[in-house]
Amino acid sequence: MQNIKPISDPARPQVYIETYGCQMNVNDSEVILSILQDAGYALTEDIEKADVILANTCSIRDNAEQRIWGRIDQFKIQKKKRDGVVIGIVGCMAERLKDKLLEAVDLVAGPDSYRSLPELLEAITPSAPQINVLLSHEETYADISPVRLDRNGVSAFISIMRGCNNVCSYCVVPYTRGAERSRDPHTIVMEAEELFANGYKEVTLLGQNVDSYFWKTPEGEAGNVNFAQLLEMVAQISPDLRVRFSTSHPKDISDEVIYMMAKYENICKHIHLPVQSGSSIMLEKMRRKYNREWYLERVEKIRSVIPDCGLTTDVIAGFCGETIQDHQDTLTLMEQVVFDSAFMFAYSERPGTLASKKYPDDIPYEVKTERLNEIIALQGRMSLKSNEKEVGKVLKVLVEGPSKKNPDELCGRASSNKMCVFPSRGEKAGDYCEVEVVSVTSATLLCKRI
Ligand code: SAM
Ligand code: SF4
């Protein structure tokens with residue numbers, strides 16, 4: 001493994017990549033760049049210089065896709081300016097729309113076909129656009145060393161699995177990313193070790209449902225690795241390397257994982273635990289395989305073992321048939337748990353999903369928006385409440401760089417993933433600092449040096 005940094009070389013064909021959607025897509029763009037660099041391409045951040053323009057796309061909600069269609073029109077301006085410019089759409093939207101996209105661009109490649117990108121690019125002619133949207137049961141890109149596209153050289157993503165087997169009724173991911181498969185743990189540890197050797201201080205292990213990570217060896221049970229064991233293997237690389245992970249599924253997060261987090265100081269005390277709804281009726285229709293009581297029990301367990309654990313979530317407003325009572329159930333659950341922060345969305349029907357076939361998308365746009373706004377406003381109050389509990393605490397922060405508002409201050413995250421801002425004493429990105437929380441906003445902990 002090598003390849004950590006992007007190559008910039010004007011003599012090579014230039015590739016420009018825009019990434020949309022989740023952290024997994026960010027990491028996929030790093031894999032794509034690694035494959036293309038090995039095939040002779042170099043990265044450019046200037047679209048005006050690009051020979052190949054790629055958008056790594058997201059299909060999770062309709063507005064994510066609409067944005068890409070708008071971008072394709074802008075990419076086409078580059079084609080008019082320079083001969084031979086190639087436009088490619090890769091990722092989830094490529095997988096979902098296949099030939100329909102091929103009418104608009106030169107290249108369409110799904111999430112499991114990135115190894116074939118050099119051959120596809122080679123084969124493109126004005127009359128022969130290229131497509132590969134085959135999904136795989138094995139592909140994990142385990143042997144590919146991603147070229148890091150982060151800016152600070154401190155924190156990196158590592159994909160530990162791909163795909164999803166859950167089929168939540170609203171979700172398009174199982175159709176665009178295929179079946180779940182786990183990656184060889186030894187390649188994950190090697191990647192984390194290499195990052196640490198290159199100065200990185202934090203890795204985030206990524207999967208749609210990390211708790212179902214499972215590596216089965218032919219040698220028999222003793223060699224098998226579950227997610228808790230994988231966490232331990234990565235945590236043991238160095239106490240100075242922080243380990244994060246995302247996303248946990250409430251139905252699968254195990255006591256073993258919670259106790260493993262408590263055992264290692266460098267496994268960050270933060271769990272992203274998407275609830276989606278506080279109503280057991282909605283959760284059943286969403287096929288989440290847990291109910292309100294189960295979710296609240298998991299939160300209680302986490303807090304009994306790790307009292308200061310950061311907890312964040314995802315919420316969907318206005319799913320099919322959602323009543324005022326269902327919506328109220330979401331609000332009361334949010335008030336009961338007091339999440340640190342949340343990603344909040346209005347339900348967007350996705351073609352091909354179980355919900356689109358079984359349940360009418362019957363909550364009017366205005367009602368969805370009104371409920372979403374209520375959820376967002378409540379979360380703002382809950383974030384402030386959660387942050388206020390931090391006042392007076394001493395926290396260990398990993399410096400990410402200067403704060404955006406004041407160059408004499410630094411910013412970085414506490415173990416809980418809360419953002420801290422504090423006066424600089426000349427530290428740089430990647431250093432650890434101890435600070436004391438003095439005051440807070442709903443988004444930030446304002447700290448002093450100790
Ligand atoms: N695998 C993760 C999980 O199960 O929690 C989440 C993956 S998904 C990329 C991220 C979030 O998008 C989901 O947690 C959900 O809140 C939201 N989402 C997915 N499908 C949606 C839809 N059709 N409409 C609105 N939000 C959606
Ligand atoms: Fe989608 Fe559910 Fe899989 Fe998450 S667990 S990716 S929400 S199907």
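Note that ligands are numbered from 1 as they come in the structure, with each ligand's atoms numbered from 1 the same way.
Side chain of E30 to main chain of L149: a donor-acceptor pair is present (N/O by atom type, distance under 3.5 Å, no hydrogens or angles). Not one N or O on the side chain of K100 forms a donor-acceptor pair closer than 3.5 Å with the backbone of L97. Judged by distance alone, the side chain of S113 and the main-chain N or O of A109 form no donor-acceptor pair under 3.5 Å.
Ranking protein heavy atoms by distance to atom 6 (S) of ligand 2, first place goes to Q208 OE1, 3.5 Å. When hydrogens are left out, the protein atom nearest atom 26 (N) of ligand 1 is R61 NH1, 3.3 Å; that is the closest non-hydrogen contact. The single protein non-hydrogen atom nearest to atom 19 (C) of ligand 1 is I60 CG1, 3.4 Å, given as residue, atom name and distance. When only non-hydrogen protein atoms are considered, atom 15 (C) of ligand 1 lies nearest to Q276 OE1, 3.4 Å. Considering only non-hydrogen protein atoms, atom 2 (Fe) of ligand 2 sits nearest to C168 SG, 2.3 Å. In terms of protein heavy-atom proximity, atom 25 (C) of ligand 1 is nearest to A346 O, 3.5 Å. Regarding atom 5 (O) of ligand 1, its nearest protein heavy-atom neighbour is P274 CG, 3.0 Å. Closest protein heavy atom to atom 5 (S) of ligand 2: N166 ND2, 3.4 Å. Residue, atom and distance of the protein heavy atom nearest to atom 20 (N) of ligand 1 are Y170 CD1, 3.3 Å. Closest to atom 7 (S) of ligand 2, if we only count protein heavy atoms, is Y170 OH, 3.4 Å. In terms of protein heavy-atom proximity, atom 1 (Fe) of ligand 2 is nearest to C171 SG, 2.3 Å.
Y41 and Q14 are not linked by any side-chain donor-acceptor pair at a separation below 3.5 angstrom, with hydrogens and angles left out of the test. Side-chain polar atoms of Y295 and E293 form no donor-acceptor pair below 3.5 angstrom. For the residue pair S136/D112, the side-chain donor-acceptor check at 3.5 Å is not satisfied. A side-chain N or O of D252 and one of N209 form a donor-acceptor pair less than 3.5 Å apart.
Atoms of ligand 2 found under 4.0 Å from any heavy atom of H249 (numbered from 1 in listed order, with element): 5 (S). Annotation for ligand 2: atoms under 4.0 Å from non-hydrogen atoms of V167 are 8 (S). The ligand atoms of ligand 2 that sit less than 4.0 angstrom from a heavy atom of R288 are 2 (Fe), 7 (S).
For K251 and Y290, the positive end is not near the middle of the six-membered ring at less than 6.0 Å and at most 45° from its axis. A cation-pi geometry, defined here as NZ or CZ lying under 6.0 Å from the six-membered ring centre and within 45° of its normal, does not hold between K201 and F196.
Looking at H249 next to ligand 1, no N or O pair under 3.5 Å apart turns up. Every N/O-N/O distance between T247 and ligand 1 stays at or above 3.5 Å. Annotation: Y347 places no N or O atom under 3.5 Å from an N or O atom of ligand 1; distance criterion only. For the pair R350 and ligand 1, the shortest N or O to N or O distance does not fall below 3.5 Å. Any N or O atom pair closer than 3.5 Å counts here, and S348 shares at least one such pair with ligand 1.
Shown are E139, E138, H137; of these, the side-chain contact (heavy atoms from CB on, under 4.5 Å) with R181 is made only by E139. The side-chain contact (heavy atoms from CB on, under 4.5 Å) test with I131 is passed by exactly one of L107, D99, L101: D99.
Within the 4.0 Å heavy-atom cutoff, R288 counts among the residues contacting ligand 1. Residue contacts with ligand 1 leave out N209, since none of its heavy atoms falls under 4.0 Å from the ligand. Look at N209 and you'll find every heavy atom at least 4.0 Å from all atoms of ligand 2.
Contacts between P174 and ligand 2 below 4.0 angstrom, taking non-hydrogen atoms only, involve the side chain exclusively. Here Q208 has heavy atoms under 4.0 Å from ligand 1 in both its backbone and its side chain. In F345, the part holding a heavy atom less than 4.0 Å from any atom of ligand 1 is the side chain.
Using a cut-off of 2.8 Å, one finds that C164 contributes an N/O/S atom close to atom 3 (Fe) of ligand 2.
When L372, T353, D314 are checked for heavy-atom proximity to atom 13 (C) of ligand 1, D314 turns out nearest.
Ring pair F245/H272: centre-to-centre distance not below 6.0 Å.
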After noting the C-alpha distance and the side-chain angles of E180 and R162, does the key distance pass the salt bridge (charged side-chain N to carboxylate O under 4.0 Å, His left out) rule? CA-CA 6 Å; E180 181 184 291; R162 297 181 73 81; over 6 Å; no
Verdict with supporting geometry, M260 and Q229, side-chain contact (heavy atoms from CB on, under 4.5 Å): CA-CA 8 Å; M260 194 59 81; Q229 291 162 329; 5.6 Å; no
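Between K393 and D308 there is a salt bridge, since a side-chain N of the basic residue sits under 4.0 Å from a carboxylate O of the acidic one.
Heavy-atom neighbours of K216 NZ from other residues, nucleotides or ligands within 6.0 Å: at or below the threshold of 12.
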